[in-house]
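If you're wondering where the values come from, they're calculated on a predicted model, not measured in any experiment.
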Amino acid sequence: MPELPEVEHLRRSLDPWVVGGRFGRVSVRRRSVVSFATDRLRADPESALLSNAAIVATHRRGKQMALEAATGRVLVIQLGMTGSVTIERGAHPRGIDAKHRHVIWEFTPAASATSALPDDGGETDRPWRLVFRDPRRFGGLTAYESVEALGEVWSTLGHDALRASGRLLRSSLDRSTRPIKAALLDQAVIAGVGNIYADESLFAAGIHPLRTCKSLHPEDFHRLASKIRLTLSRAVRAGGSTLRDYRDAFGEPGDAVQEHKVYGRAGQPCPRCPARLEGLRVGGRATVFCPRCQDLGSDLSTKLDA
DNA sequence: CGTGGCCCCTGTGGGC
DNA sequence: TGCCCACAGGGGCCAC
């Protein structure tokens, strides 16, 4: 699943094409992936899906991305585990790639994006499309009336993780008994961290994933916030982590997997010390950490007693 | 309040 | 080759 870096890289790859561009007709092939914030939107699904509208902005908070139309309407895109948004033209794909294409828009890209392309030999009749595809359907589209309505919903999310703040993490967590990893995965605490980057950030900060939040010191929160910002911004720059499904707007995978120090490496040597990385489950999610580099701190005695 | 356990889905890889 | 199981980047809900 795409976490913040994948969503942000996707947003950046889409932005120059859709902002200044325009959606034409929309084809909804699986209705259940679309939801509407109000009955008014539900009553006119085409305009709720920004059909025949100019796109004026893209937005993102945490793992959610949104397109804003000149009509004022807003469409949120959530990728879930396997969602993708791609720009394509010409023949529709065949075979396995043709499955799970739930929403397809006719699309006129921004002129500034296409003017940079090589001459297409006069094939101006080949229409562009924007495609939302999602095999597992954990993702989906949600229509809102306005950016104000979107803002109300997004205000229930925590601070965007690219701007993680040690002070904010500390003030919202310093009385919490939850394990720090569970808190990082809670989008109401901080928005955008998922299973990969939670483990990577905790490793970078030298904090054990089972450390209770309240046992962390102010400097731990600050170091963790700083490592979250660093880990995520590096991953954005690498184009995101492609484990299997993630692709950007042009179908390109990202390279951030090369930078993973612990995720998916249980049983392998720690990259920083002679110990071996260990695996466990926190909040039902696979978790990898170094038992030597990542300090259980003042929770140590409690854990040993148990 | 916090957690573990389900559930929503499809696809893939490993073990036999 | 096939079958069955476990597992996967997310998130919501429920009972304890």
Within 6.0 angstrom of A:R101 CZ, more than 12 heavy atoms from elsewhere: yes
Evaluate whether atom CZ of A:R42 has more than 12 neighbouring non-hydrogen atoms of other residues, nucleotides or ligands under 6.0 angstrom away. yes
Could you check whether [X] gets within reach of a base, just the sugar-phosphate, or nothing at all, counting any heavy atom under 4.0 Å?
X	answer
A:Y197	nothing
A:P179	sugar-phosphate
A:D134	nothing

Nucleic acid footprint by protein, nucleotides 7-12 of chain B - heavy-atom cut-off 4.0 Å, B for base, S for sugar-phosphate alone: -BBBSS
Measure from [atom1] on [X] to [atom2] on [N] and round the result to the nearest Å.
X	N	atom1	atom2	answer
A:I77	C:dG11	CD1	P	15 Å
A:Q78	C:dG11	CD	P	7 Å
A:L210	B:dT3	CG	P	10 Å
A:D245	C:dC7	CG	P	18 Å
A:I180	B:dT3	CD1	C1'	16 Å
A:K214	B:dG2	NZ	C1'	12 Å
A:L184	C:dG11	CG	P	13 Å
A:L185	C:dG11	CG	P	9 Å

Checking contacts here: which listed nucleotide (C:dG11, B:dG2, C:dA8) is nearest the side-chain heavy atoms of A:M81? C:dA8
Given that A:Q187 and A:G284 both sit by DNA chain C, which one's nearest nucleotide is further toward the 5' end? A:G284
Is a salt bridge present between [X] and [Y], judged by a nitrogen-to-oxygen distance below 4.0 Å?
X	Y	result
A:D160	A:R60	yes
A:E145	A:R40	yes
A:R12	A:E8	yes

If the [atom1] atom of [N] is compared with that of [M], how far apart are they to the nearest Å?
N	M	atom1	result
B:dG5	C:dA6	P	15 Å
C:dG2	B:dC9	P	27 Å
C:dC3	B:dC8	P	24 Å

Under a 3.5 Å limit for both distances, which nucleotide forms a Watson-Crick or G-U wobble pair with B:dG13, could you say? C:dC5
A:F107 and A:W128: CA distance, side-chain angles, deciding distance, ring pair (Phe, Tyr, Trp, His ring centres under 6.0 Å) verdict: CA-CA 5 Å; A:F107 171 56; A:W128 295 89; 7.5 Å; no
Can you check whether A:S176 has a side-chain N or O nearer than 4.0 Å to OP1 or OP2 of B:dG2? yes
Using OP1 and OP2 only, check whether a side-chain N or O of A:R175 sits under 4.0 Å from B:dG2. no
Might you work through the ring pair (Phe, Tyr, Trp, His ring centres under 6.0 Å) test for A:W154 and A:Y144, ending with a clear yes or no? CA-CA 12 Å; A:W154 279 6; A:Y144 293 92; 8.4 Å; no
Could you tell me whether the side chain of A:S215 and the main chain of A:R211 form a donor-acceptor pair under 3.5 Å? no
